[in-house]
Colleague: 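Just passing along the structure, written as structure tokens.
Chain A is the first sequence line, chain B the second, and so forth, proteins listed ahead of strands; every chain is numbered from 1.
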Amino acid sequence: MNLRLYNTLNNKTENFKEIKKGKIGLYTCGPTVYDFAHIGNFRSYVFEDLFKRYLIYLGYNVKHIMNITDIDDKTIKKSNELGVDINEITEKYLQEFFKNINTLNILQADIYPKATEHIKEMVELIEKLENNGYAYKKENSVYFKIEKFKGYGKLANILKENLKTGVIGDSDEYDKEDVQDFVLWKGKKEGEPYWKTKYGEGRPGWHIECSAMSMKYLGNHFDIHMGGVDNIFPHHENEIAQAECATGEKFVNFWIHCQHLIVNNQKMSKSLGNYYTLEDLIQKGYKPMAIRYLLLSTHYRKTLNFTFEGLERAIRSLNRINDFIFSLKGLKSNKGESEDISNIIKQNETRFRENMNNDLNISGALGVFFDFLHQINLKLKELKTKDIENVLAYIKRINSVIGIIKEEKSIPLEGEIEKKIKIRENARKAKDYKLADSIREELKEKGIILIDTSDVVRWKSVK
RNA sequence: GGCGACGUAGCCAAGUGGUAAGGCAGCGGUCUGCAAAAUCGCUAUUCAUCGGUUCGAAUCCGGUCGUCGCCUCCA
């Protein structure tokens, strides 16, 4: 079964086909580095990561570009409010962003181009638009004339005449010919950073950034562009307009958009007190992998309702996977390999892939994976040495896609704890269960969980 | 006003024409000194609702009710 993806461009699920065999150009809209990213942002990033990991799993060579918006209204506003240089602000939150990405086990992009380092490319793009008759200067700014572009609105499925006019955005600050037109280059304003270019002193509009940088690194025509649904209009619509009017070529084949996250059925907002950054959740004691699992486990085109109850459920679901691996690693086995187990793996992987191929149906795919755990649990005692290896290798393959299983670090036990375990063992042998249980309870409080098996005592760390 | 999404068990969530996956929680067994994990059984005659098409509908069509998003800040 082929990989099928829902393409916002025509609102249909289509067979995926790459432009250049085996290679994929992927562009994802990155953060505006003016503040900590919130869990809604990470829902998108985690989904994009899942998708990218799956492409890699399928054997594609993926070139992934994620832009960094480090010049825009918000970064400027923050800089002015705090009286701190804008670069200091953006650098700080860029580092925080990278830290968060790492915490959530999100693979790094190949390149993180910054807007401020691509002014030249943006100006060149504006130049092309001007030459082709799609851009006009007014006062000190440059605008895109959407009336000239017939395809305008095709992504968002919006008719030009239905666009609300006036009152919003820049319409009264800048002097456009038509309120629907969007800005390519913003003339210099007092107290704002600016660049000297052929269009005068000023700074780039937001949309031009993504068009310029994506084409620089991926070419005029590339495979996949992703982002949150809110970006469909106007951002991605404008990107298409800029790129296609400048090059005359089709810009992107597949537009994939991730739905939003809401909290307790309400839009996340600071005023409602339901606004969470990753840091907030981690400080509450939630583990990154549980957060990742939660963000990941709902299909990307469905609104995800974030609740702490859901997060608790995610923890317990993850426990099932981790406990399984734990039991597997503690097994004593005989040499050999059984065909039975190899077949289960093969069949399960096929089903996993079928679900993922179906527009990245992660819920279905996870269901398949839990089926696998169950099937193997039933045969745990019959597993041979090679079977265990095969099962672990399969889990590793699955995890290369979902990325929710953290490699267990074998933390050495402190001597004192080891001593306590021995005392408890002796107590158990002497049937002094009162003492044994109190030691078990004591260690549990220290984060060490003891598990009695028929021959040895095993332990695991809560962390 | 225009465009669009969604409504499946206590909770989360697959299934998109062939008779309701999976996870969590709950109850009752097995295993265990007791636990933990695992395992077995039970837990939706029914998919918001009303009608239609069909041999057959959660799935297709139409109406109704409800929730939500977008229409130049936004992942």
Colleague: Aromatic contact between A:F254 and A:H225, with the criterion being ring centroids under 6.0 Å apart: yes or no?
Modeller: no

Colleague: Where each residue is assigned the nucleotide of RNA chain B containing its nearest heavy atom, which of A:N238 and A:N157 is assigned the position nearer the 5′ end?
Modeller: A:N157

Colleague: If the threshold is 4.0 Å, N to carboxylate O, is there a salt bridge linking A:E81 and A:K78?
Modeller: no

Colleague: So, for A:Y134 and A:Y136, is the gap between ring centers shorter than 6.0 Å?
Modeller: no

Colleague: Under the 3.5 Å rule, do the base of B:C34 and the side chain of A:R440 count as making a donor-acceptor pair?
Modeller: yes

Colleague: Are A:R203 and A:D73 ion-paired here, with the side-chain N under 4.0 Å from a carboxylate O?
Modeller: yes

Colleague: Is a donor-acceptor pair below 3.5 Å formed from side chain A:D452 to base B:C34, judging by atom type as modelled?
Modeller: yes

Colleague: Using both distances under 3.5 Å as the test, list the Watson-Crick or G-U wobble partner of B:G26, or none.
Modeller: B:C42

Colleague: By nearest atom, which of the nucleotides B:A75, B:G4, B:A35 is closest to the A:I451 side chain?
Modeller: B:A35

Colleague: Taking the six-membered ring for Trp, are A:F372 and A:Y394 closer than 6.0 Å centroid to centroid?
Modeller: yes

Colleague: Whole angstroms only, please: what is the OH-P distance between A:Y433 and B:U32?
Modeller: 12 Å

Colleague: Nearest nucleotide by nearest heavy atom, which residue falls closer to the 5' end of RNA chain B, A:C258 or A:R428?
Modeller: A:R428

Colleague: Which is true for A:S363 with a 4.0 Å heavy-atom rule: it touches a base, it touches only sugar-phosphate, or it touches nothing?
Modeller: base

Colleague: What interatomic distance, in whole Å, is found between P of B:U53 and the corresponding atom of B:A58?
Modeller: 16 Å

Colleague: Using the C1' atom on both, measure B:C12 against B:U19 and round to a whole Å.
Modeller: 25 Å

Colleague: Using Watson-Crick or G-U wobble geometry with both distances under 3.5 Å, which nucleotide pairs with B:U64?
Modeller: B:A48

Colleague: How far does the C1' atom of B:A75 sit from the matching atom of B:A13, given to the nearest Å?
Modeller: 23 Å

Colleague: Would you classify A:E312 as touching base, sugar-phosphate or nothing, given that sugar-phosphate means primed atoms plus P, OP1 and OP2, and contacts are heavy atoms under 4.0 Å?
Modeller: nothing

Colleague: Charged N to carboxylate O below 4.0 Å: is that the case for A:K460 and A:D323?
Modeller: yes

Colleague: For B:G33, give the paired nucleotide (Watson-Crick: N1-N3 plus N6-O4 or O6-N4; G-U: N1-O2 and O6-N3; both under 3.5 Å), or none.
Modeller: none

Colleague: At under 4.0 Å between heavy atoms, what does A:G228 touch on the DNA or RNA strands: base, sugar-phosphate, or nothing?
Modeller: sugar-phosphate

Colleague: For B:U53, give its Watson-Crick or G-U wobble partner with both distances under 3.5 Å, or none.
Modeller: none

Colleague: Just N and O in the side chain of A:N319: are any of them under 4.0 Å from OP1 or OP2 of B:A36?
Modeller: no

Colleague: Hey, do the aromatic rings of A:H257 and A:H236 have their centres closer than 6.0 Å?
Modeller: yes

Colleague: So A:L450, base contact, sugar-phosphate only, or nothing? Heavy-atom distance under 4.0 Å.
Modeller: base

Colleague: Where the side chain of A:M268 is defined as all heavy atoms beyond and including C-beta, which of B:A14, B:A75, B:G23 is the nearest nucleotide?
Modeller: B:A75

Colleague: Do any side-chain nitrogens or oxygens of A:N361 fall under 4.0 Å of OP1 or OP2 in B:G15?
Modeller: yes

Colleague: Whether A:E309 and A:R313 form a salt bridge (side-chain N of Lys/Arg under 4.0 Å from carboxylate O of Asp/Glu) is what I want to check.
Modeller: yes

Colleague: Using Watson-Crick or G-U wobble geometry with both distances under 3.5 Å, which nucleotide pairs with B:C3?
Modeller: B:G69

Colleague: Side-chain N or O of A:R320 less than 4.0 angstrom from OP1 or OP2 on B:U39?
Modeller: yes

Colleague: C1' atom, B:U54 versus B:C11: distance in rounded Å?
Modeller: 35 Å

Colleague: Would you state whether a donor and an acceptor, one from the side chain of A:R301 and one from the base of B:A5, lie under 3.5 Å apart?
Modeller: no

Colleague: Counting only side-chain heavy atoms from C-beta out, which of B:A75, B:C70, B:G33 sits nearest to A:N41?
Modeller: B:A75

Colleague: Report yes or no: is there a donor-acceptor pair, N or O only, under 3.5 Å between the side chain of A:S44 and the base of B:A75?
Modeller: yes

Colleague: On the side chain of A:D437, is there an atom forming a donor-acceptor pair with the base of B:G33 - under 3.5 Å, no angle test?
Modeller: yes

Colleague: Measure the distance from CG on A:D371 to P on B:G15 and round it to the nearest whole Å.
Modeller: 15 Å

Colleague: Given atom NE2 of A:H260 and atom P of B:A75, what is their separation to the nearest angstrom?
Modeller: 8 Å

Colleague: Quick one: label A:L380 by what it contacts on the DNA or RNA (base, sugar-phosphate, nothing), any heavy atom closer than 4.0 Å.
Modeller: nothing

Colleague: Between A:R351 and A:E354, is the closest basic N to carboxylate O distance under 4.0 Å?
Modeller: no

Colleague: Which whole-number value in Å describes the distance from A:K302 NZ to B:A5 P?
Modeller: 14 Å

Colleague: In whole Å, measure the gap between the P atoms of B:C3 and B:G63 for me.
Modeller: 13 Å

Colleague: Of the nucleotides B:A13, B:A38, B:A75, which has the atom closest to the A:D230 side chain?
Modeller: B:A75

Colleague: Between B:G33 and B:G15, how far is it from one C1' atom to the other, in whole Å?
Modeller: 46 Å

Colleague: Please determine, for the side chain of A:K74, which listed nucleotide (B:C11, B:A25, B:C73) has the closest atom?
Modeller: B:C73

Colleague: Taking the same atom, C1', in B:A44 and in B:A20, what whole-Å distance lies between them?
Modeller: 8 Å

Colleague: For A:H374 and B:C40, is the shortest distance between a side-chain N/O and OP1 or OP2 below 4.0 Å?
Modeller: yes

Colleague: In whole Å, what is the span from the CZ atom of A:F233 to the C1' atom of B:G2?
Modeller: 12 Å

Colleague: Among B:U72, B:A13, B:C70, which nucleotide has an atom closest to any side-chain atom of A:F182?
Modeller: B:U72

Colleague: Starting at atom CD of A:E354, determine the distance to atom P of B:A14, rounded to an integer number of angstrom.
Modeller: 18 Å

Colleague: Measuring only the P atom in each nucleotide, how far is B:A36 from B:U30? A whole number of Å is fine.
Modeller: 14 Å

Colleague: Output the rounded distance in Å from NE2 (A:H236) to P (B:U72).
Modeller: 16 Å

Colleague: Tell me what A:G40 touches on the nucleic acid: a base, only sugar-phosphate, or nothing, going by heavy atoms under 4.0 Å.
Modeller: base

Colleague: Stacking between B:A13 and A:H299, yes or no? Criterion: centroid separation under 5.5 angstrom, plane angle under 30 degrees.
Modeller: no

Colleague: Provide, to the nearest angstrom, the distance between the CZ atom belonging to A:F370 and the C1' atom belonging to B:C24.
Modeller: 9 Å

